[in-house]
Amino acid sequence: MNQEQMHAAQEAMTQWLSHPAELGKAPAKIECAGEFACDQLHYYIFKYKKGLWGKWLLGVCGGYEEDSLEHCGHVFSEMEEYKESVAVEQARALVEKVCQYYREQAQWAENRKENPGTFANYVLLREARWDKAALLQELKETWGIADESDDQEKEEESFVIAYQGAMIAVSMMPAPIPGGEAEGAAAKNYLWPTGVEQTKKHQAHLLVAVLGQAIPPVEGGQLLVKAVTSACKQEGVLGVYTGEVVYALDYWMNFSQMLKENEFPIYNLVWFGLYKGKAGNCGYTAGMRNFGYDEIEVLDSRADAETLHEFLSDIANYVILAGVVLNHGETIGFSEDQKLPITKSRGVAVEGESVKIGF
């Protein structure tokens with residue numbers, strides 16, 4: 001057994017289990033219980049306990065190429081009881097489940113890119129209560145958005161507005177977003193330290209969607225921000241879940257005001273994630289595919305976090321508004337002397353493929 005690789009896998013397994021959507025803390029005990037190979041990759045089986053006196057549970061981490069200390073993202077546990085006699089079979093089944101998930105996510109990501117112009121956000125509420133009439137009035141008074149269709153039929157818990165070639169739909173969902181999905185997304189928001197705690201309080205949500213196939217995606221995105229901003233003026237709003245991250249209410253409202261200044265609300269529509277890599281700072285976008293573009297990543301940059309965030313937001317804004325496609329093998333820069341290499345490969349922090357810029 002490669003001890004260094006095994007210890008790296010154990011650290012990765014512990015980090016995965018510590019995520020708010022999983023145990024929310026490090027396991028009380030964790031031990032390597034075996035190893036196996038699958039599709040020329042190496043995997044480690046772990047048994048762990050939530051508490052000191054609980055049952056041993058099964059987890060798996062991999063796959064590793066040869067002596068690499070970087071796994072390919074196959075870290076998973078369904079918190080099923082560890083049984084030594086069938087541990088390898090259980091672990092292989094977990095790996096297959098993860099692989100299937102990644103295949104589906106990659107396909108979903110490509111479908112989003114190939115069918116731009118549809119946007120959906122979720123306004124998280126403390127309780128299942130809203131004032132539909134007030135929201136319709138807010139849309140009309142603040143943004144001039146009113147139903148242009150002849151269909152006057154309205155559902156009690158939803159409405160659909162036909163407006164300038166797009167459809168704006170808002171529906172009350174009288175339940176939390178299932179599976180801890182929103183809480184997991186809130187944990188990605190490094191700008192909101194209490195995000196997970198606040199997100200856990202939501203008991204309902206408003207689904208706000210814009211179907212803008214007949215208008216440019218840029219206009220569809222702007223319509224979404226207008227509709228969500230109006231919905232955020234309802235009572236008991238905790239935050240906005242984009243499907244990628246949960247924004248704090250004040251963050252969302254602050255940046256949505258860019259619309260009032262005739263600026264594109266890039267920070268409402270694209271999330272710029274930052275994290276520490278082993279050789280520098282890393283960053284990624286989440287939301288570019290809604291406009292028909294690949295997500296963008298920067299890996300192991302020597303730039304500080306603030307500079308990297310600004311670079312990513314400038315690039316994303318430029319790509320969306322200028323309609324620029326970043327192609328593998330080309331370069332990009334904001335001056336004649338700046339020639340940053342562009343590559344396209346499987347995403348590191350995003351599903352599917354991503355464009356990577358050397359910065």
Side-chain angles (χ1 to χ4, degrees), residues 116-125 130-148 159-170 189 191-192 195 198 205-273 285-288 290-293 306 309-324:
T118 296
F119 300 84
N121 280 182
Y122 311 84
V123 178
L124 306 182
L125 302 172
W130 70 316
D131 188 333
K132 184 172 72 171
L135 178 49
L136 288 165
Q137 188 67 21
E138 167 65 25
L139 284 168
K140 185 175 182 179
E141 290 182 355
T142 302
W143 309 109
I145 297 174
D147 196 354
E148 298 174 345
F159 64 77
V160 178
I161 291 175
Y163 180 75
Q164 296 187 355
M167 303 294 287
I168 303 172
V170 179
N189 190 341
L191 298 174
W192 194 16
Q198 292 300 312
H205 58 284
L206 289 173
L207 170 59
V208 183
V210 171
L211 310 177
Q213 304 271 337
I215 61 174
V218 168
E219 293 182 21
Q222 291 173 319
L223 274 180
L224 177 85
V225 175
K226 291 176 180 179
V228 171
T229 300
S230 291
C232 282
K233 294 182 180 179
Q234 295 278 304
E235 289 186 14
V237 174
L238 293 163
V240 178
Y241 174 38
T242 67
E244 306 284 355
V245 71
V246 179
Y247 290 125
L249 179 60
D250 57 352
Y251 177 101
W252 179 276
M253 298 301 283
N254 177 54
F255 284 109
S256 70
Q257 295 310 300
M258 294 174 72
L259 285 166
K260 295 288 188 180
E261 300 168 6
N262 294 318
E263 295 182 27
F264 184 65
I266 184 71
Y267 297 106
N268 298 87
L269 293 164
V270 180
W271 170 248
F272 302 100
T285 65
M288 297 294 291
N290 292 327
F291 297 92
Y293 302 102
E306 183 177 354
H309 186 278
E310 183 178 357
F311 172 76
L312 280 170
S313 61
D314 286 346
I315 287 286
N317 204 58
Y318 170 62
V319 166
I320 292 171
L321 296 183
V324 174

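One-based numbering along the sequence shown.
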- [ ] Mark yes when over 12 heavy atoms from residues, nucleotides or ligands other than Phe264 sit less than 6.0 Å from its CZ; otherwise mark no.
- [x] yes
Task: Smallest separation among heavy atoms of Leu223 and Ala166, with atom names - done: CD1-CB, 3.7 Å
Open item on the list: Heavy-atom count check: over 12 atoms from other residues, nucleotides or ligands less than 6.0 Å from Gln257 CD?
Closed with: yes
Task: Taking every non-hydrogen atom, the tightest pair across Tyr247 and Thr242 - done: CE1-CG2, 3.3 Å
Open item on the list: Quick one about Ser230 and Trp143 (side-chain donor to acceptor, distance below 3.5 Å, no hydrogens or angles considered), yes or no?
Closed with: yes
Task: CG on Leu259 to OG1 on Thr142, rounded to 0.5 Å - done: 11.5 Å
Open item on the list: Check this for me: Glu306, atom CD, are more than 12 non-hydrogen atoms of other residues, nucleotides or ligands nearer than 6.0 Å?
Closed with: no
- [ ] Working to the nearest 0.5 Å, report the span between CE of Met288 and CD1 of Ile266.
- [x] 6.5 Å
TODO: Compare every heavy atom of Val210 with every heavy atom of Gly220, then report the nearest pair and how far apart it is.
DONE: O-CG1, 3.8 Å
Open item on the list: Any donor-acceptor pair under 3.5 Å linking the side-chain atoms of Tyr267 with those of Ser313?
Closed with: yes
TODO: Determine the minimum heavy-atom distance between Ala231 and Val123, stating which atoms define it.
DONE: CB-CG2, 4.0 Å
Task: Residue pair Thr229 / Trp252, side-chain donor-acceptor N/O under 3.5 Å - done: yes
Open item on the list: So that I know where these two stand, are Phe272 and Phe311 an aromatic pair - ring centroids less than 6.0 Å apart?
Closed with: no
Open item on the list: Are more than 12 heavy atoms, taken from residues, nucleotides or ligands other than Glu263, located less than 6.0 Å from that residue's CD atom?
Closed with: yes
TODO: Starting at NE2 of His205, measure out to CG of Leu125 and round the result to the nearest 0.5 Å.
DONE: 9.0 Å
